[in-house]
Amino acid sequence: MSAEPADAVARGAAQVRADLERLVRIPSVAFPGFPPEPVAEAAAVTAEILRDAGLTGAELIDIPGAPPAVWGELAGPDGAPTVLLYAHYDVQPAGDEAAWTSPSWQPAERGGRLYGRGTADDKAGIALHAGTLRAFGGAPPIHVKVIVEGEEETGRGTFASYLAAHPEQFAADVVVVADAGNWRVGEPTLTTSLRGLAVLDVEVRTLRAPVHSGLFGGAAPDALIALARMLATLHDPAGNVAVEGLVRQAWDGRPVDQDALRASAGVPAGVGLMGDGALAERLYTRPSITAIGLDAPPVEGAANALVDHARARLSARLAPGQDPAAAIAALSAHLRRVAPWGAALELTPREAAPGALLAGGGPGEAAALRALEGAYGKAPVKVGSGGAIPLCVLLAQALPAAEIILWGAADDAAQIHAADESVDLADLEHATLAQVLLLEELGRR
Ligand SMILES: [Zn+2]
């Protein structure tokens, strides 16, 4: 590897950071109920940043029913392959501002990390795509397409449908999805396995209306207790998922360290982990089921009455090979089987997304691993991701010939979706260099 790409990336690092800070100041939350103006502003600023980096034709494309996407193309030498660079400019809401050490929409540096909503997920992706183009002086050795969408976090998938309907526009030999990162700061990582997602609401009704617990308790069934009994059957005593029909797979990538996991998840001493067997399998290739919401009378002001109905939202993470519809069916059948006292159930499926095994083991992946090694100066590892990235699955379906490289500048301390989200500034530069090296190698083919 020549020293040139590293120098070019180092020279551009201040601009990458400036671009990122500019984007982080825009509260581009695309969720319903949030103002649309910052979303539109983030789209316009993204296009401006990319144009400034050399993507001269960057423009907004109208996505019916969704915020605009930012799109541009740059022709490389004749016969060169095509790479599609993906990121998203929308972010999660900031949540409780009091939980942030510094204001959520004001980028602030502490200890080599830049803090603020979207610093990692995924405005870093935009900044490093721009930094990649800039390092080539606007003349990359390969055809480049860039797409930055504006509703990834909402899970609505309008953009994903648009992409699926226009496969020729997005056709590429390699797709680089800069919406992930390193398993730990400074440890080059390629994400090759994604879990799927299936969300199901379960409502239990045992009575026409609440009734006096003194008159009827002991005989008339209580919906909250019924629901609690059902939820308790979803796992075995060790905490492994105990629902028949959910797929489990083996994992042969990097193992997960228990102490590191406990620390990053914030599990207090004395509290055990759920499940048994390899931690990486529990996190990447086996299902998990979590109760993420519960509707029942609040404790404050609770009457001495039997609860007539109660509702829970169950969120299941699925092994990469599991069909989410089959998972919903398996979970529904389980809940019907265990409902006590003939309680009436209403089951309402919510979001569902399949997982994916991204690693084709092809030349793009090999080039990506070499690029990581060159950029970080150490051997990279492959990891799985427990979180769903539906877009990657859709890309794999819509562009079956493309290899998907999922990486980025985040790490296990990035606190994405939470307070004090941050990105490591050195890894932002490493990640930019890795993309430069990847494009360079692909261009030599
Ligand atoms: Zn993201």
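Atoms within each ligand, like the ligands themselves, are counted from 1 in listed order. A quick note: this is a predicted structure, and the numbers were derived from the prediction, not measured.
If you look at Y162 and H166, their ring centroids are closer than 6.0 Å.
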Counting only pairs under 3.5 Å, give me each side-chain donor-acceptor contact of residues 41-49, with atom names and distances, residues two or more places apart or in other chains.
unit_1	atom_1	unit_2	atom_2	d
T46	OG1	A42	O	2.7
E48	OE2	R22	NH1	3.4
E48	OE2	R22	NH2	2.7

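Judged as a side chain to side chain donor-acceptor pair (under 3.5 Å), the pairs with a partner in residues 123-145 (not counting sequence neighbours) are, in order, D19-R134, S28-K123, H129-Q435, T132-Q435. Residue pairs meeting the side chain to side chain donor-acceptor pair (under 3.5 Å) criterion with at least one partner in residues 69-90, sequence neighbours excluded, are Y86-E149, H88-D90, H88-D121, H88-E152, H88-D179.
For the Zn ion (ligand 1), the set of protein N/O/S atoms nearer than 2.8 Å consists of H88 NE2, D121 OD1, D179 OD1, D179 OD2, ordered by chain and number.
Under the 3.5 Å distance criterion, with hydrogens and angles disregarded, a donor-acceptor pair is assigned to the side chains of S104 and E97.
More than 12 heavy atoms of other residues, nucleotides or ligands lie within 6.0 Å of CZ in R262, so this atom counts as buried by the packing criterion.
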